[in-house]
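The next block holds one structure in the form of structure tokens; read it before the comments.
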Protein chains: 2
Amino acid sequence: MEENKHVTIYDIAERLNLATSTISRALKDHHTISDKTIKKVKKTAEEMGFVPNTLAAGLRGNKTRTIGVLIPTVTQPFLSSLISGIEITAQKSDYTVIIMQSHDSYEEEVNMAKSLYSNRVSGVICSLAMETRDTAHFHQFSNNNIPLVFVDRVPKGYNTFRVVIDNYTAGYKATKHLIEQGCIRIAHFTAGSELGNLYNERKRGYIEALKDHNIEIEEELIINLNSVTYEDGVKASNALFDLKPLPDGLFAPGDILAVSAVQTAKKRGIKVPEEFKVIGFNNDPISQIIDPNLSTITHPAEKMGKAAAEIIIKNLKSSKNDDAKEITFLNTEVLARESTQK
Amino acid sequence: MEENKHVTIYDIAERLNLATSTISRALKDHHTISDKTIKKVKKTAEEMGFVPNTLAAGLRGNKTRTIGVLIPTVTQPFLSSLISGIEITAQKSDYTVIIMQSHDSYEEEVNMAKSLYSNRVSGVICSLAMETRDTAHFHQFSNNNIPLVFVDRVPKGYNTFRVVIDNYTAGYKATKHLIEQGCIRIAHFTAGSELGNLYNERKRGYIEALKDHNIEIEEELIINLNSVTYEDGVKASNALFDLKPLPDGLFAPGDILAVSAVQTAKKRGIKVPEEFKVIGFNNDPISQIIDPNLSTITHPAEKMGKAAAEIIIKNLKSSKNDDAKEITFLNTEVLARESTQK
DNA sequence: TATTTTTACGCAACCGATTGCAATTGTTGT
DNA sequence: ACAACAATTGCAATCGGTTGCGTAAAAATA
């Protein structure tokens, strides 16, 4: 096994009797270098198997062309699609993506933010951990002019870029859809109010839709879950089905929860959608697999990832220090499938 | 907005009237530095908000504590779980993970391998792209003593670490399970023989199991798919159900395919598992959602990720240049659920 | 008290690419 | 043929930690 040292521009320079500065410029098609030299350098670089050391370039230029992604986990369909979008866009502009999982832990998020900073990422895309209550650990980016984009689970009162959907409207639409399908006693699952309180927003939409249609809001139909997991969904569903006059609809703010409700209903002999209609959220793959197919709200994960990455890249190009950090809203729509059919 | 320059060890050195070498060593608890100084330095570093520049350290020390992950996509459940495992293990040893998606394209894989090398990753974990036929683009790692671990879809005839399951045995077990459940005409979906030919192995297991149980191998029951997708699964399923004596079982080497078969069967009025039993592969989330629940073969994604990361980290610690690159086999087992019930 | 051994810290080169400015060579104009 | 200018290329500093080696100060030994 050869212990090949990495080939550097010094090696090329020596071979061609040129200065490293010339090599460096030639490789980048700098206009002050003659075409002959450029060709010669590139050819030699290729021959010698030269691969630029991005560390050196990054250190010198103080820019790494790296986007740090800090999210709760990569295994949720929404988040893995988000990553996919980020990565595709980053790739096109020759950016590298570093991914870290907070596992919804505040402490890990803080450490990882520091780690990203330590890696001198050029930009950061983050979806907040559930636990996170304050965002001081992101100041290191803002203070150093490193573009920061929050996606989906975004903090309030922090002037940064945000890429989100309108959770209020989405919640409203989902609920309205149930009403239109004939539901009159509509339940709702919601989750602990975290910093990026998207569940609160969805709930708000739910409540407004009911109000607008003159349906009474019943507190017992709104169940608060500890976590958005299948297990907690089953618990909540059972609690729901224990109610005396059975609700006839459910707006679950996540497909996993909706699926748990559908399956629990089945087990208890409640027919979906005849007796009980369900609409989920996210359009996860499972929504099309489960029987009956799940009506749901689209959540354009990949688009959001692309949008976030584009914001970072654009912002990095035009180094004008925009103080206005716009919020990007992406559309959602109701996907009416079997689980809410009349 | 403050244009805070990053705090460096030079800043700390100046403030404390010490040399940068002392600062550097103090921050790492070097034994030649007095406890007093160490404490003082750490306190000051903290106060000044010092965050080490990993680029500088990486450049100088030629080690970045970064693991590059090169996989087809992050959105497949198996692969996102793999990442999760890698990331968890890396995190524990203070390694950073860089992720790149080849999208099953050979060309992208080549570029990204170069990009990882360019980023001077300390180690590489890769699952090959479908298109990939040769592995020359990985020599840059092997030649430079950068540990390289292939996972799941691994090349043959390349002396590197490999973390895999025994696809032959898994295929054998799956088929045997169907036989035990009473199937006598068992179909099989397989996919184009790529470099890391795990589908071939599973097929081999399928064939051997049939032979061992004196069941004739019928070529028409073995359907070759272009891609392992839901759409192609539906096509293959329809082809299968067009056969005159209907097969009574299917070993699908992926849960998506199995699900497509189950749903196609349902649509055509074929009862699962009464008339047609199906076993999948991977234990994807959908396997537990679909009705009937899908029997499947476990594929320990997270464990495989952890194992791969551990190999890299271990190998990096003991810099002894092991020429023996062991293969790690992880266990798989049959999860008997509804879709193969007698 | 003089000398050897520890202990604690400083000096300066180094990793590899980038870049402002200087220097050299080549062209054009007169 | 010579000045003026453009086209190329070289020099050397720089980014920020790291580390081998040297040295001063403190402690131990003679």
Side-chain angles (χ1 to χ4, degrees), chain A residues 4-42 44-45 48-66 94 96 115 117-122 144, chain B residues 4-42 44-45 48-66 94 114-115 117-122 144:
Chain A
N4 292 337
K5 283 316 291 173
H6 307 274
V7 178
T8 72
I9 56 171
Y10 289 91
D11 301 327
I12 304 176
E14 194 178 9
R15 178 100 93 94
L16 294 178
N17 249 328
L18 287 171
T20 60
S21 50
T22 304
I23 309 299
S24 173
R25 292 186 175 111
L27 290 170
K28 306 195 122 48
D29 293 309
H30 197 281
H31 68 279
T32 65
I33 307 293
S34 69
D35 288 347
K36 257 174 289 175
T37 305
I38 290 184
K39 254 178 218 154
K40 194 169 51 175
V41 169
K42 286 191 174 174
T44 307
M48 299 179 74
F50 170 75
V51 179
N53 184 326
T54 55
L55 298 176
L59 176 60
R60 168 60 218 246
N62 204 35
K63 48 193 141 182
T64 55
R65 295 189 82 78
T66 292
D94 206 33
T96 297
S115 177
Y117 182 77
S118 190
N119 275 282
R120 296 298 185 268
V121 292
S122 299
N144 285 288
Chain B
N4 291 337
K5 284 315 292 172
H6 307 273
V7 177
T8 71
I9 58 171
Y10 289 90
D11 301 326
I12 304 176
E14 193 178 10
R15 179 101 93 92
L16 295 178
N17 251 326
L18 288 171
T20 60
S21 50
T22 303
I23 308 299
S24 174
R25 293 188 174 110
L27 290 170
K28 305 195 123 48
D29 293 308
H30 197 279
H31 68 279
T32 66
I33 307 294
S34 69
D35 288 347
K36 259 173 288 176
T37 305
I38 290 184
K39 254 178 218 156
K40 194 169 52 176
V41 168
K42 285 190 175 175
T44 307
M48 299 179 74
F50 170 75
V51 179
N53 184 326
T54 55
L55 298 176
L59 177 59
R60 168 60 218 246
N62 203 35
K63 48 194 141 182
T64 56
R65 295 188 83 76
T66 292
D94 206 34
K114 188 187 266 190
S115 177
Y117 182 78
S118 189
N119 275 282
R120 296 296 186 269
V121 292
S122 299
N144 285 287

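Predicted model only: the values in this text are computed from it and were never measured. Naming: A, B, ... by sequence-line order, numbering from 1 per chain.
- Residues from residues 49-66 of chain B with heavy atoms under 4.0 angstrom of DNA chain C, sorted by number: B:Leu59, B:Arg60.
- When all heavy atoms are compared, the tightest approach of B:Arg120 to A:Pro52 is NH1-O, 3.8 Å.
- Applying the salt bridge (charged side-chain N to carboxylate O under 4.0 Å, His left out) criterion to B:Asp94, with sequence neighbours excluded, gives no partner residue.
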Legend entry - Stepwise side-chain contact (heavy atoms from CB on, under 4.5 Å) test for A:Lys42 and A:Asp29: CA-CA 10 Å; A:Lys42 286 191 174 174; A:Asp29 293 309; 2.9 Å; yes
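- Atoms OG and CZ, from A:Ser115 and B:Arg65 in turn, are 11.0 Å apart once rounded to the nearest 0.5 Å.
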Inset, instruction - Please step through side-chain contact (heavy atoms from CB on, under 4.5 Å) for the pair A:Thr64 and A:Thr54, ending with a clear verdict. - result: CA-CA 7 Å; A:Thr64 55; A:Thr54 55; over 6 Å; no
Indicate every side-chain donor-acceptor pair of residues 13-28 of chain B with a distance under 3.5 Å to a residue at least two apart or in another chain.
none

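- Residues B:Leu59 and A:Asn53 approach most closely at CD1-ND2, 3.9 Å, considering heavy atoms.
- Contact check of residues 19-30 of chain A against DNA chain C (heavy atom, cut-off under 4.0 Å) returns A:Thr20, A:Ser21, A:Ser24, A:Arg25, A:Lys28.
- The shortest non-hydrogen separation linking B:Val7 to B:Phe50 is O-CD1, 3.2 Å.
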Legend entry - Evaluation steps, side-chain contact (heavy atoms from CB on, under 4.5 Å), between B:Lys114 and A:Val51: CA-CA 7 Å; B:Lys114 188 187 266 190; A:Val51 179; 4.1 Å; yes
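- Put simply, CD1 on B:Ile38 and NZ on B:Lys36 are 12.0 Å apart, with the number rounded to the nearest 0.5 Å.
- Residues of residues 7-16 of chain B having a heavy atom closer than 4.0 Å to DNA chain C: none are found.
- Nucleic acid contact for A:Thr32: base, since at least one base atom lies under 4.0 Å from a heavy atom of the residue.
- One can place NZ of A:Lys36 at 10 Å from C1' of D:dT8, the figure rounded to the nearest angstrom.
- Read 5' to 3', the first and last nucleotides of DNA chain C with an atom closer than 4.0 Å to a heavy atom of chain A are C:dG16 to C:dC21.
- Note: OH (A:Tyr117) to C1' (D:dG16) measures 13 Å, nearest angstrom.
- Heavy atoms of B:Asn17 sit under 4.0 angstrom from primed sugar atoms or phosphate atoms, though from no base atom.
- Considering only heavy atoms from C-beta on, B:Asn119 stays 4.5 Å or farther from B:Thr66 through its side chain.
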